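The chains referred to below are lettered A, B, ... by the order of the sequence lines, with proteins before strands, and numbering in each begins at 1. The figures that follow rest on heavy atoms only: side chains count, while hydrogens, waters and symmetry mates do not. Small disclaimer: the values here were computed from a predicted structure and weren't measured.
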Amino acid sequence: MTRSELVEALAERRGVSRDQAEAVVDVFFGQLQHALQSGGRVELRGFGSFRVKQYGAYQARNPQTGEPVAVAPKRLPAFKPAKHLREALAVQVGVGPLVADEGEGEE
Amino acid sequence: MSGTADESANTLTRAGLTEAVAERLDVQRRFAATLVDDVITLISEAALRGQNVKIVGFGSFNLRDKRSRPGRNPRTMQDVTITARRVLTFRASPALRSALNPRG
């Protein structure tokens with residue numbers, strides 16, 4: 001599912017205009033980004049939580065050339081699915097197929 | 001910057017999202033809360049259908065199927081088998097990565 005498919009599904013489910021659904025999705029992920037950017041956390045019961053993890057500098061290697069590359073310290077968001085979602089998904093292995101992308105949408 | 005008050009003030013929840021949506025769309029808080037729940041539900045439902053979810057500019061929620069493997073209960077030191085499972089991972093988009101790393 002892509003962002004535009006999410007907008008479409010939201011408009012359909014709640015009977016709002018495409019523009020309104022677009023605004024909701026925009027605000028939603030904008031708020032998430034803002035929270036993480038200012039070093040905060042995001043906690044969505046039943047779905048999961050996001051926090052920012054600090055990674056130190058390290059020495060990596062270009063797999064193509066074998067050349068060593070210095071990787072600068074960085075901050076990355078980490079997502080932890082809620083227990084309920086984690087357990088519901090876990091049992092899907094071997095039951096439901098993994099659908100890379102359904103044909104109906106643009107990537 | 002210390003203490004639990006700051007921590008909770010620093011945590012975005014459904015309440016904060018609801019407020020932001022209500023303000024932007026100029027709709028009742030109650031309806032905004034429904035819309036926020038819808039977004040979360042739609043993403044969960046897609047994942048439960050086996051679909052990855054890719055939000056341009058934010059990141060993607062990707063499913064991975066893991067084989068069963070031997071593990072150990074760290075409390076009891078007992079050998080156990082970690083069953084095969086499907087897990088949900090998140091990868092930040094380049095835009096979110098650079099937003100979090102202004103200098104990088």
Is it true that, when you exclude [X] itself, more than 12 heavy atoms of the residues, nucleotides or ligands shown sit nearer than 6.0 Å to its [atom1]?
X      : atom1 : result
R3(A)  : CZ    : yes
D26(B) : CG    : no
Q59(A) : CD    : yes

Most chain A-contacting option - heavy-atom pairs closer than 4.5 Å, from [options]:
options                : result
V21(B), L42(B), T34(B) : L42(B)
I43(B), V27(B), T83(B) : I43(B)
N62(B), T41(B), V53(B) : V53(B)

* Asked: Does any N or O in the side chain of R14(B) come within less than 3.5 Å of the main-chain N or O of R45(A), such that one atom is a donor and the other an acceptor?
  -> yes
* N101(B) (side chain) donor-acceptor with R75(A) (main chain) under 3.5 angstrom -> yes
* Portion of A72(A) that has a non-hydrogen atom of chain B nearer than 4.5 angstrom ->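 Neither part; nothing is under 4.5 Å.
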* Structure fact -> Turns out that what part of P77(A) lies under 4.5 Å from chain B's heavy atoms comes down to both
What closest approach, in Å, do [X] and [Y] show between heavy atoms, and which atom pair accounts for it?
X      : Y      : value
Q37(A) : A99(B) : CG-O, 3.4 Å
R86(B) : V93(A) : N-CB, 3.7 Å
D26(A) : R24(B) : OD2-NH2, 2.6 Å

In Å, rounded to the nearest 0.5 Å, how long is the span from [atom1] of [X] to [atom2] of [Y]?
X      : Y      : atom1 : atom2 : result
K80(A) : T89(B) : NZ    : OG1   : 15.0 Å
R85(B) : R86(A) : CZ    : CZ    : 9.0 Å
M1(A)  : F61(B) : CE    : CZ    : 9.5 Å
L44(A) : L12(B) : CG    : CG    : 7.0 Å
L6(A)  : K54(B) : CG    : NZ    : 14.5 Å
D38(B) : E12(A) : CG    : CD    : 12.0 Å

* Identify which of F50(A), F79(A), F29(A) forms the greatest number of heavy-atom pairs closer than 4.5 Å to chain B. =>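 Top count of heavy-atom pairs under 4.5 Å with chain B: F29(A).
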* **Test side-chain contact (heavy atoms from CB on, under 4.5 Å) applied to L25(B) and V24(A), step by step** => CA-CA 8 Å; L25(B) 270 73; V24(A) 173; 3.7 Å; yes
* What do you reckon, are the aromatic ring centroids of F58(B) and F28(A) less than 6.0 Å apart? -> no
* Asked: Side chain, backbone, both or neither: which part of A84(B) has an atom under 4.5 Å from a heavy atom of chain A?
  -> both
* **Cluster check L76(A), L100(B): I/L/V/M/F/W/Y, side chain < 4.5 angstrom** =>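 No, no single cluster joins them.
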* To do: Under the side-chain contact (heavy atoms from CB on, under 4.5 Å) rule, what do R41(A) and N10(B) come out as? Steps first, then yes or no, please.
  => CA-CA 6 Å; R41(A) 300 168 33 87; N10(B) 231 358; over 6 Å; no
Flag the pair [X] / [Y] as yes when at least one side-chain heavy-atom distance between them is below 4.5 Å, and no otherwise.
X      : Y      : value
L88(B) : L85(A) : yes
F31(B) : V16(A) : yes
L63(B) : L89(A) : yes

* To do: Take L17(B) and L32(A), measure what side-chain contact (heavy atoms from CB on, under 4.5 Å) needs, and give me the verdict at the end.
  => CA-CA 9 Å; L17(B) 288 165; L32(A) 259 59; 4.0 Å; yes
* Flag the pair E45(B) and R13(A) as a salt bridge only when some basic side-chain nitrogen lies within less than 4.0 angstrom of an acidic carboxylate oxygen. =>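 Salt bridge: yes.
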